[in-house]
Amino acid sequence: MKKSNVFYSKVLCQLGEGIFYDNKSGHILWLDILDSTLFIANIEDSSNAMSFQLALNPSTIFRVDWPKVYMSDSKGIVVLDIDSHKQSRLLDLSDNYFVKEGMRTNDGVMLGNKYLFGTMYKTPTKGKGQLFLYDHEEEQLLSSEMNVAIPNTFIEVDDAILVSDSLEQKVYRYSKASLFEEREVWADFSNTNMTPDGGCLSEDGKIYIAMWGGACVKCFDTDGNELGDIPVEALQPTNCVISNSQLYVTSARDGLSPQELGAYPLSGAVFKINLGEACE
C-alpha cells in the first residue's frame, strides 16, 4: 500500500483531536485537548489557520452553525461564537454527581438534535467513565452505568453506535434502541500494540478508525471486517474526517519518547490522505 500522507496543517498539537468538516462554510476544525486550543482553517488552504484559546480541555466538536461552534469540555458543552469570540455554556455539569476532580468529557457525536458523549478520568481508570445523552430542547440528560474507561470513536451506523473503550482496546456496538443497556464487541485489538481512537463513516459505508500506537487508520465494513490499513506518518493518530475523497487525520505527540519522536517527527500534525483505492 502506497503511503500518501501530505501535510494539511503543520501545527504540532500535543493531543490533536475532535476534527470536524463543516461543508457549509468550507472549514476544517480541530482541537488540541491539552493546550485547550481550537484551530479553524479553510478546507483548501491551512496556511492562514485561526486559533482560539479556550479552557477546560475541549475534546469534541459536535456541530458547527457558522459562526457558532459546539464543543464538549471538562465542564460539559460550550458554544463559541467565532465572530465575537464569546463563549457560552450550553450544558453545565458542575453540580452533576459524576463530575469529580480529574474527570473530563472525551469523544462524542450528534444523534439527531441530541448530544451523545462520554466521560473519563484524565488518568484513565477501568470502568469509571460513562456515556451521556443530552437533549437540549427537552433539558434532559440520560446516563449509562460506569462501564467504559476511555470512550472514543462514536460513529452512527444504521441502527447502532460504535463506541470504543480505548483502555480495553475494543470497539463496542451499542444498539440505538436500547442505548445504555445493549452492547456487543464489534472489534477487538487487545492482543495488539494499538488501540482504536476517533473515527468516521464514508458515504459508501466504509468505517475509518484512527489507531493510536499503530501509525495507521484502519478501514472496516459495517460488520467489523478489516478492509485495509492506511499508513500515517505519526505513531498516534487520533481522529479522522472525510471530504471529497480526502481523509484528514489528527495526531498526538503527548507521551512519546525521544526515540519515538525521532522516528515520527511529524507527530501532532494534521495529515491529508488521498483515499484512492486504499481500502479496495
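Numbers for residues simply follow the sequence, beginning at 1.
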Any chance you could measure Thr195, atom OG1, to Met211, atom CE, to the nearest 0.5 Å?
6.5 Å
Nearest heavy atoms of Thr238 and Ala210, plus distance in Å:
C-CB, 3.6 Å
Asn244 atom CG, neighbour heavy-atom count above 12 within 6.0 Å:
no
One should read off an interatomic distance between Leu116 CG and Ser144 OG, to the nearest 0.5 angstrom, of 9.0 Å
Hydrophobic cluster membership, with links at side-chain heavy-atom distances under 4.5 Å among I/L/V/M/F/W/Y: are Ile19 and Leu31 in one?
no
Between Asp204 and Lys206 (salt bridge meaning N to carboxylate O under 4.0 Å), is one present in this structure?
yes
I'd like to know if the side chain of Arg253 and the backbone of Gln236 have a donor-acceptor N/O pair within less than 3.5 Å.
no
Is the CG atom of Asn225 crowded by more than 12 outside heavy atoms at less than 6.0 Å?
yes
Report the distance from atom CE of Met146 to atom NZ of Lys128, rounding to the nearest 0.5 Å.
6.5 Å
Does Asp158 use its side chain to pair, donor to acceptor, with the backbone of Ala160 at less than 3.5 Å?
no
Any side-chain donor paired with an acceptor under 3.5 Å for Thr105 and Ser59?
yes
List the atom of Ile242, the atom of Tyr21, and the distance in Å for their closest heavy-atom pair.
O-CD2, 4.3 Å
To the nearest 0.5 Å, what is the distance between OG1 on Thr250 and CD on Glu17?
5.0 Å
So, Glu138 side chain and Asp135 main chain: donor-acceptor pair closer than 3.5 Å or not?
no
Indicate if Leu179 and Tyr134 have the same hydrophobic cluster label, given that clusters are the connected sets of ILVMFWY residues with side-chain heavy-atom separations under 4.5 angstrom.
no
Could you check whether any side-chain heavy atom of Leu29 comes within less than 4.5 Å of a side-chain heavy atom of His27, counting everything from C-beta outward?
yes
Please answer whether the main-chain N or O of Ser46 pairs with a side-chain N or O of Ser9 as donor and acceptor at a distance below 3.5 Å.
no
Exam field: side chain Thr125 to backbone Thr123, donor-acceptor pair closer than 3.5 Å:
yes
Phe154: what forms a ring pair (Phe, Tyr, Trp, His ring centres under 6.0 Å) with it, not counting sequence neighbours?
none
Same cluster or not: Leu275 versus Val217, using hydrophobic residues (I, L, V, M, F, W, Y) connected whenever any side-chain heavy atoms lie under 4.5 Å apart?
yes
Quick test of your reading of the model: are Lys218 and Asp229 salt-bridged, counting only N-O distances below 4.0 Å?
yes
Measure the shortest side-chain to side-chain distance between Arg104 and Ile33 over non-hydrogen atoms and say whether it is less than 4.5 angstrom.
yes
Are Tyr115 and Phe62 close enough that their ring centers fall under 6.0 Å?
yes
Assess the residue pair Asp197 and Asn239 against the criterion (side chain to side chain contact (heavy atoms under 4.5 Å, CB included)); give the C-alpha distance rounded to whole Å, side-chain angles, the decisive distance to 0.1 Å, and a yes or no.
CA-CA 6 Å; Asp197 206 317; Asn239 214 328; 5.6 Å; no
Do side-chain atoms of Asp65 reach the backbone of Lys68 as a donor and acceptor pair under 3.5 angstrom?
no
Decide yes or no for Val64 and Tyr70: does some side-chain heavy atom of the first lie under 4.5 Å from some side-chain heavy atom of the second?
no
Ignoring hydrogens and angles, tell me if any N or O in the side chain of Thr153 forms a donor-acceptor pair with the backbone of Ile155 under 3.5 Å.
no
Using the rule that two of Ile, Leu, Val, Met, Phe, Trp, Tyr join whenever any of their side-chain heavy atoms come within less than 4.5 Å, decide whether Val157 and Ile209 are in one cluster.
yes
For Gln169 and Thr192 the tightest heavy-atom approach is NE2-O, 3.1 Å
Using side-chain heavy atoms (C-beta onward) and a distance below 4.5 Å, is Met71 in contact with Leu56?
no
Audit row: Tyr248, Ser243, side chain to side chain contact (heavy atoms under 4.5 Å, CB included) steps and yes/no:
CA-CA 8 Å; Tyr248 296 82; Ser243 173; 4.1 Å; yes
Residues passing the side chain to side chain contact (heavy atoms under 4.5 Å, CB included) test with Glu181, sequence neighbours excluded, are Ser178
Ser267 vs Leu256, test: side chain to side chain contact (heavy atoms under 4.5 Å, CB included). Steps then yes/no.
CA-CA 9 Å; Ser267 292; Leu256 293 180; 3.5 Å; yes
Cationic N near anionic O, under 4.0 Å, Arg183 to Asp165
no
Could you tell me which residues satisfy side chain to side chain contact (heavy atoms under 4.5 Å, CB included) with Glu156, sequence neighbours excluded, listed by chain and number?
Leu111, Ile161, Lys176
For Ala49, give me all partners under side chain to side chain contact (heavy atoms under 4.5 Å, CB included), at least two apart in sequence or on another chain.
Ala41
Can you tell if the side chain of Leu133 reaches within under 4.5 Å of the side chain of Leu131, non-hydrogen atoms only?
no
At what distance, to the nearest 0.5 angstrom, does CG of Leu93 lie from OG of Ser143?
10.5 Å
Show the numbers, then the answer: is there a side chain to side chain contact (heavy atoms under 4.5 Å, CB included) between Leu266 and Tyr264?
CA-CA 6 Å; Leu266 308 183; Tyr264 296 93; over 6 Å; no
Contact summary for Ile43 and Tyr8, nearest pair of heavy atoms
O-CE1, 3.5 Å
Side-chain donor-acceptor pair present, Asn106, Asn152, cut-off under 3.5 Å
yes
If we only count heavy atoms from C-beta on, is the Tyr208 to Val241 side-chain gap below 4.5 Å?
no
Side-chain heavy atoms under 4.5 angstrom apart, residues restricted to Ile, Leu, Val, Met, Phe, Trp, Tyr: same cluster for Met50 and Leu38?
yes
Are the side chains of His136 and Leu90 in contact, using a 4.5 Å heavy-atom criterion?
yes
State whether the number of non-hydrogen atoms from other residues, nucleotides or ligands found under 6.0 Å of Glu145 atom CD is greater than 12.
no
Are any side-chain N or O atoms of Asp32 and backbone N or O atoms of Gln14, one a donor and one an acceptor, separated by less than 3.5 Å?
yes
Is there a donor-acceptor pair closer than 3.5 Å between any side-chain N or O of Gln87 and the backbone N or O of Leu54?
no
Closest heavy-atom pair and its distance - Pro58, Ser36
CD-CA, 3.7 Å
Quick one: pull up OG1 in Thr60 and CE in Met110 and give me the separation to the nearest 0.5 Å.
12.0 Å
Tell me the ring-ring contact (aromatic ring centres under 6.0 Å, His included) pairs involving residues 160-196, sequence neighbours left out?
Trp186-Phe220
Going by distance alone, is a donor N or O of one side chain under 3.5 Å from an acceptor N or O of the other, for Thr37 and Asp35?
no
Heavy-atom nearest pair, Ile207 first then Thr222, reads CD1-CA, 3.9 Å
Residues at least two apart in sequence or cross-chain that pass side chain to side chain contact (heavy atoms under 4.5 Å, CB included) with Glu203, listed by chain then number, are none
Side-chain touch Glu137/Asn113, heavy atoms, less than 4.5 angstrom:
yes
When you measure from the side chain of Ser166 to the backbone of Pro196, do you find a donor-acceptor pair of N or O atoms at a distance under 3.5 Å?
yes
